[in-house]
Number of protein chains: 2
Amino acid sequence: MKMSDRKKKILQIVVDEYINTAVPVSSKSITEKHLTGVSSATVRNELASLEELGYLTQFHTSGGRVPSPQAYRFYIEELMQKGNLSEKDLDYIEQAFSDKSHDVEHLIKSVSSVISELTDYTSVAITPHADEETIRNLSLLPCGDGNALLVIMTSERILRDSFIEIPENMNDEDLEKASKMIGGLFAGKALAEVRETEEQILSDFGQYRQVMSEVIEALKSYTRPRDEDILLTGPEKIFNHPEYEDIENVKNFLTVISSKDRLADIIEGEDDEIQINVKIGSSGDKDVPDDCSVVTATYSAGGKNLGTYGVIGPIRMDYPKVITVLENVGKALESLVNGKNKDKKDNSGNERKGK
Amino acid sequence: MKMSDRKKKILQIVVDEYINTAVPVSSKSITEKHLTGVSSATVRNELASLEELGYLTQFHTSGGRVPSPQAYRFYIEELMQKGNLSEKDLDYIEQAFSDKSHDVEHLIKSVSSVISELTDYTSVAITPHADEETIRNLSLLPCGDGNALLVIMTSERILRDSFIEIPENMNDEDLEKASKMIGGLFAGKALAEVRETEEQILSDFGQYRQVMSEVIEALKSYTRPRDEDILLTGPEKIFNHPEYEDIENVKNFLTVISSKDRLADIIEGEDDEIQINVKIGSSGDKDVPDDCSVVTATYSAGGKNLGTYGVIGPIRMDYPKVITVLENVGKALESLVNGKNKDKKDNSGNERKGK
DNA sequence: TGTTAGCACTCTCATCTCATAAGTGCTAAT
DNA sequence: ATTAGCACTTATGAGATGAGAGTGCTAACA
């Protein structure tokens with residue numbers, strides 16, 4: 001059976017209506033509010049047919065219809081009409097990003113918080129992978145107790161640090177020399193490269209072999225995302241959505257978002273080509289819980305990867321709104337980053353500027 | 001009216017029973033399980049009297065009695081019998097702390113997680129105040145774009161970093177000189193001291209005046225606790241306690257713990273003299289929500305402040321268990337820190353080793 | 001052949017009643 | 001001071017009931 005235009009229209013109405021009201025949609029309400037000119041019986045026939053096609057389900061015989069995950073997917077692909085943000089919302093974004101501080105961490109927090117506020121869903125964010133970054137600066141600082149502090153900064157100003165052990169006989173001056181040497185060696189290299197050239201690097205080193213190997217170990221550990229790299233904003237927002245009046249759903253949700261590892265799995269694994277990615281519960285993605293949807297966007301601007309952001313919430317999510325917000329935030333970020341680059345050196349490129 | 005011994009005994013039974021079962025306690029159950037030898041009518045009289053004294057309340061006339069916050073306070077002060085941890089639990093603590101990594105951050109996470117696991121409540125932790133620490137190392141690292149990265153490490157290995165602006169004409173060598181100079185100047189100073197001596201320090205500086213003032217600004221900002229300094233572990237644990245079958249309570253709880261600022265207020269403001277601190281809802285402490293209790297312990301060992309840890313949960317909390325766990329974790333921490341110091345240099349002191 | 005009116009059927013939901021069980025407060029006896 | 005006994009209160013759960021919503025089906029219609 002094919003999808004006639006009227007079927008599509010009706011499906012769109014059902015999804016729109018259900019997103020807005022959270023109430024199963026009846027044939028009557030469709031003819032009354034949206035599709036005047038046909039009788040409810042006609043709509044009823046179409047609904048039955050859409051149900052057969054797998055787009056709609058009923059909880060019980062007299063309960064109206066509810067979109068299936070498949071329907072949401074189709075809706076997002078073909079039916080959804082994206083809106084525009086209100087002036088107020090646009091202002092809000094601008095306001096939030098106008099902060100003077102250039103700090104990546106603060107920016108990430110702002111972005112995450114803006115998304116959560118504007119969409120009214122819980123927002124998740126993961127900072128860009130250090131893996132792809134190049135090392136801008138690497139230093140070893142003395143601690144004075146047989147350890148040194150390794151600090152690295154990458155091209156995108158991501159910082160990592162750890163304590164490493166140094167030989168007993170190494171004094172502060174030696175350490176400084178080692179620091180300069182190792183720092184110079186790694187400057188400009190990508191973290192991912194370190195692993196590849198590990199043997200070569202190690203073999204080249206006599207004097208600072210031990211320190212060197214500790215540094216490499218540390219660098220290797222930086223490629224894994226840390227708990228702190230995953231940000232969760234506004235978990236309490238779920239209470240604004242009626243599906244979370246059921247304690248079981250809350251329990252499930254809270255359990256999922258409590259595990260940073262789990263969260264990372266959920267928002268990771270993006271296809272870089274696609275800018276906005278929607279995962280709808282029980283879509284075969286085992287990481288996303290059955291009754292949740294996750295919409296994420298990976299931002300990059302001026303050749304910089306700025307992380308992946310998104311919202312997690314019920315399957316009955318306001319996709320048009322969420323996607324609109326994510327797009328607008330993306331634009332704002334882009335102009336922020338480009339604008340800033342222009343102010344300084346205009347070293348922006350277009351290498352990785354999403355499709 | 002005074003509290004007879006029998007009244008105390010009965011109050012203790014009621015609180016114990018209610019903590020264990022979450023069911024209002026009846027006169028009958030008391031005489032049957034705990035106080036054989038008296039009739040339920042006698043107990044009933046005592047209960048009525050305890051109610052008059054403000055220790056007990058009833059939801060409705062045939063519903064048994066429930067302890068009031070006042071009763072919990074009295075219970076903790078006078079009636080409670082602390083248990084011992086099981087072998088299994090003790091092993092668990094030891095296991096968790098045997099991690100090789102000496103990193104403060106990991107330690108804090110372990111502690112928080114252990115507390116949450118053993119008590120079955122949500123655990124909160126706040127890292128020690130950088131304010132009281134002395135600066136062990138301060139360095140300025142070049143970024144290459146008109147900024148420098150300031151990194152400090154304190155005596156307790158707390159790290160802070162920020163980007164500061166440097167003058168246009170300052171090259172990497174100048175920066176290194178400035179770094180050494182400023183680093184030397186602040187080494188051994190407490191962060192709190194910086195503020196006091198600010199004017200003097202600034203006036204002494206000609207050449208690096210601007211950098212210096214940026215550094216001081218940054219140092220001042222380190223005294224405020226950051227979001228990352230507040231750790232929340234196991235929020236989903238609340239679902240193991242029947243009071244959180246009510247969605248309103250969950251909502252309230254989640255809203256409170258979602259705000260790091262709020263959390264900080266709740267577990268801050270400890271009296272340093274008291275090692276374990278119990279705040280019971282509606283106790284006049286406006287930060288703690290009405291239907292929550294917070295039990296915290298501030299740990300210090302070998303002269304080091306190791307942060308404040310605790311649990312947040314329903315007023316009907318298993319205080320004996322929680323307090324026992326907190327005490328045992330404290331002991332384990334102490335022996336860990338002392339042990340470690342012995343291994344190395346035995347530079348431990350007894351300056352601040354809580355009573 | 002597609003559309004529609006009409007109607008029986010199903011299911012939920014709120015309300016009511018009713019009986020039961022639990023627990024208390026009070027009184028009078030010990 | 002304690003206790004047995006009993007009336008009183010309230011929660012809880014199990015039907016029963018009726019209203020309301022929505023559907024599926026059938027037969028008539030354009």
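The shown structure was predicted, so the numbers you read here are calculated from the model rather than taken from an experiment. So you know, we letter chains A, B, ... as the sequences are listed, proteins then strands, and number each from 1.
DNA chain D lies under 4.0 Å from at least one heavy atom of each of the following residues of residues 54-67 of chain B: B/His60, B/Thr61, B/Ser62. Contacts of residues 11-18 of chain B with DNA chain C (heavy atom under 4.0 Å): none.
Distance, B/Leu47 CG to C/dG25 P: 8 Å, rounded to whole Å. If you take CD1 of B/Ile10 and P of D/dA1, they are 15 Å apart, rounded to a whole angstrom. Per the geometry, CG belonging to A/Leu50 stands 13 Å off P belonging to D/dT23, to the nearest Å. As a whole-Å value, the separation of B/Lys28 NZ from D/dG5 P is 15 Å. For the pair A/Ile30 CD1 and D/dA21 C1', the computed distance is 15 Å after rounding to whole Å. For the pair B/Arg44 CZ and C/dC26 P, the interatomic distance rounds to 11 Å; values are reported in whole Å. Here the C1' atom of nucleotide D/dT23 and the CD atom of A/Glu52 are 15 Å apart, to the nearest Å. Remark: P of C/dA28 and CG of B/Asn45 are 15 Å apart, rounded to the nearest angstrom.
Each of A/Val25 and B/Gly37 was assigned the nucleotide of DNA chain D with the nearest heavy atom; the assignment lying further toward the 5' end belongs to B/Gly37.
At D/dT3, one or more side-chain N or O atoms of B/Thr42 fall inside 4.0 Å of OP1 or OP2 (strictly under the cut-off). Contact annotation: A/Arg6 side-chain N/O to C/dT3 OP1/OP2 distance is under 4.0 Å. Residue A/Ser27 places at least one side-chain N or O closer than 4.0 Å to OP1 or OP2 of D/dT23.
For A/Ser26, the listed nucleotide lying nearest its side chain is D/dG22; candidates were D/dT3, C/dT24, D/dG22.
Checking side-chain atoms of B/Ser259 against main-chain N and O of B/Val256 turns up no donor-acceptor pair under 3.5 Å. Judged by distance alone, the side chain of B/Arg316 and the main-chain N or O of B/Ile19 form a donor-acceptor pair under 3.5 Å. For the pair B/Thr324 (side chain) and B/Asn84 (backbone), a donor-acceptor distance under 3.5 Å is absent.
The side chain to side chain donor-acceptor pair (under 3.5 Å) test applied to A/Ser258 returns B/Glu236, not counting sequence neighbours.
Using modelled atom types and a 3.5 Å distance limit, the side chains of B/Tyr319 and B/Ser293 yield a donor-acceptor pair. For the 3.5 Å distance criterion, the side chains of A/Thr298 and A/Thr308 qualify, holding a donor opposite an acceptor.
Applying ring-ring contact (aromatic ring centres under 6.0 Å, His included) to A/Phe253 and the options A/Tyr244, A/Tyr121, A/Phe239 leaves one that passes, A/Tyr244. Checking each of A/Lys7, A/Arg65, A/Lys8 against A/Glu46 for a salt bridge (Lys or Arg N to Asp or Glu O under 4.0 Å) leaves exactly one that passes, namely A/Lys7.
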Task: Check against side chain to side chain donor-acceptor pair (under 3.5 Å), A/Ser112 and A/Ser123 - done: CA-CA 6 Å; A/Ser112 184; A/Ser123 141; 2.8 Å; yes
